[in-house]
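A quick write-up on the structure given underneath.
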Amino acid sequence: MTHILLVEDDPAIAMSLKVTCKREGWDITWLDNASSVLPMLQSCEANDLSAIILDVGLPDGDGLSLCQQIRHSVDIGTLKDVPVVFLTARSDEVDRILGLEMGGDDYCAKPFSPRELVARLKAIWRREQLLMQQSAESASVGHATGQAATSPRSESGSGSGQALTFACQSGLWQYQPLNYSLAWQGQKLDLSNTERKILLTLLQAPNQVFSREQLLNAVSDYPDHRLARTIDSHVKSIRKQLAIIDPDIDVIHTHRGLGYGLCPV
């Protein structure tokens, strides 16, 4: 069953969302404070949560900081990669950009329609499923045609649950769809959902240069092109992790005035 964690201190908003989610057949757990979230996540099974709806303004903490804690927590396993949608009364562009940079997948500005929020959640899941499907299909094509090393291949046959290997000039990449883990040169990367999607998009076409708008469209079904600059922040974060593994390789190249691509293009 689809299980949603709702963290919201306004009972009226919480009740409205609970009713809407239950109409979708989803199970929902409601918390009204920040301090209970990490302990709750630690008690969850790995696949027991589908998304987190997180209010930015909580009585005992900042939802943005809480999201960052979730993304970097080692105590909750793969649950740190669960999609997060922010609820915010802050309509300023800077606050929305900050939320996405902190690891959020999307946001709804208050007041909002619960049906819109449901649509945004479904869009996030659809995007995740599409990336998995594209990776699996690319693996099948590469295996069947014997394409060069830039095509991803399955380590144990085709299928969306199998680990995929991308042997590019930038090095060896491995993606495990079952737990959304992406590794480079044998070392797992600690990526946010958005960062993982950016890298998978680049790996699907290693010889292509992607504009910021193209990458934003690839990671969101509701892109706001005014927020395309967030791509720069995510790429910077990815580069930091890659530099720790091998500081001598510039994996992602900036094409001035165009966008980003894997090196070399």
Subject >> Validation row: T29, M40 side chains within 4.5 angstrom (heavy atoms) >> reply: yes
**OP:** Could you walk me through whether S237 and E195 pass the side-chain hydrogen bond (donor to acceptor under 3.5 Å, both in side chains) test, one step at a time?
**Re:** CA-CA 8 Å; S237 176; E195 291 163 1; 3.0 Å; yes
**OP:** Identify whether the distance between the nearest side-chain nitrogen and carboxylate oxygen of R71 and D105 falls below 4.0 Å.
**Re:** yes
**OP:** Could you check if a side-chain atom of D55 sits within less than 4.5 angstrom of a side-chain atom of D9, using non-hydrogen atoms only?
**Re:** yes
Original post:
Is V7 reachable from M15 through a run of I, L, V, M, F, W or Y residues, each pair having side-chain heavy atoms under 4.5 Å apart?
Top reply: no
**OP:** State the CD1-NZ distance between I124 and K197, to the nearest 0.5 angstrom.
**Re:** 6.0 Å
Original post:
Which value, rounded to the nearest 0.5 Å, describes the distance between I52 atom CD1 and I4 atom CD1?
Top reply: 9.5 Å
Original post:
Between atom OH of Y175 and atom OG of S181, what is the distance when rounded to the nearest 0.5 Å?
Top reply: 8.0 Å
**OP:** Would you check, one step at a time, whether the test side-chain contact (heavy atoms from CB on, under 4.5 Å) holds for L182 with K188?
**Re:** CA-CA 6 Å; L182 186 61; K188 184 178 177 181; over 6 Å; no
Original post:
Any side-chain heavy-atom pair from Y107 and V56 closer than 4.5 angstrom?
Top reply: no
**OP:** Side-chain contact test, heavy atoms from C-beta onward, threshold under 4.5 Å: evaluate it for R196 versus D81 and give yes or no.
**Re:** yes
**OP:** Give me the one residue out of L216, L215, I198 that meets side chain to side chain contact (heavy atoms under 4.5 Å, CB included) with F210.
**Re:** L215
Original post:
To the nearest 0.5 Å, how far apart are NZ in K236 and NZ in K240?
Top reply: 5.0 Å
Subject >> Closest approach of L6 to A14 (non-hydrogen atoms, all atoms of both residues) >> reply: CD2-CA, 3.7 Å
**OP:** Decide whether I238 and I249 are clustered together by the hydrophobic rule: side chain heavy atoms of Ile, Leu, Val, Met, Phe, Trp, Tyr closer than 4.5 Å, transitively.
**Re:** yes
Original post:
Between E8 (side chain) and L54 (backbone), is there a donor-acceptor pair under 3.5 Å?
Top reply: no
**OP:** Show your reasoning for whether side-chain contact (heavy atoms from CB on, under 4.5 Å) applies to L31 and V37.
**Re:** CA-CA 7 Å; L31 300 177; V37 173; 4.1 Å; yes
**OP:** Examine V19 and I28 and state if one hydrophobic cluster contains both, with Ile, Leu, Val, Met, Phe, Trp and Tyr joined whenever side-chain heavy atoms are less than 4.5 Å apart.
**Re:** no
Original post:
How close do K80 and I70 get, heavy atom to heavy atom, and via which atoms?
Top reply: CB-O, 2.9 Å
Subject >> Closest approach of L66 to L58 (non-hydrogen atoms, all atoms of both residues) >> reply: CD2-CD1, 4.3 Å
**OP:** Check G103 against C67 and note the closest heavy-atom contact, atom names and distance.
**Re:** C-SG, 3.8 Å
**OP:** For D250 and H253, indicate whether the former's side chain and the latter's backbone hold a donor-acceptor pair under 3.5 Å.
**Re:** no
Original post:
Distance-only, no hydrogens or angles: does the R239 side chain make a donor-acceptor pair with backbone N or O of I252 under 3.5 Å?
Top reply: yes
Original post:
Under 4.5 Å between any side-chain heavy atoms of Y260 and T254, yes or no?
Top reply: yes
Subject >> CG on L117 to CZ on F112, rounded to 0.5 Å >> reply: 5.5 Å
**OP:** Determine the sole option in I245, D246, L242 for which the side chain to side chain contact (heavy atoms under 4.5 Å, CB included) test with V251 is passed.
**Re:** L242
**OP:** Answer whether the closest heavy-atom distance between the side chains of L17 and W30 falls below 4.5 Å.
**Re:** no
**OP:** Would you indicate whether R115, at its atom CZ, is surrounded by more than 12 heavy atoms from other residues, nucleotides or ligands within a distance under 6.0 Å?
**Re:** no
Original post:
Short question: side chain of D106, backbone of V85 - any donor-acceptor pair under 3.5 Å?
Top reply: no
**OP:** Provide the closest heavy-atom pair for V82 versus A51 in the form atom of the first, atom of the second, distance.
**Re:** CG1-CA, 3.4 Å
Original post:
Quick check: does any side chain N or O of S16 sit under 3.5 Å from a backbone N or O of I13, one acting as donor and the other as acceptor?
Top reply: no
Original post:
Which value, rounded to the nearest 0.5 Å, describes the distance between S113 atom OG and R120 atom CZ?
Top reply: 10.5 Å
**OP:** Let me know which of I53, L79, L41 forms a side chain to side chain contact (heavy atoms under 4.5 Å, CB included) with L5.
**Re:** L41
Original post:
Do any N or O atoms from the side chain of Q241 and from the backbone of D190 form a donor-acceptor pair under 3.5 angstrom?
Top reply: yes
Original post:
Which pair of non-hydrogen atoms, one from L87 and one from K110, has the smallest distance, and what is that distance?
Top reply: CB-CE, 3.9 Å
Original post:
Given side chains that start at C-beta, do those of L199 and W173 come closer than 4.5 Å, heavy atoms only?
Top reply: yes
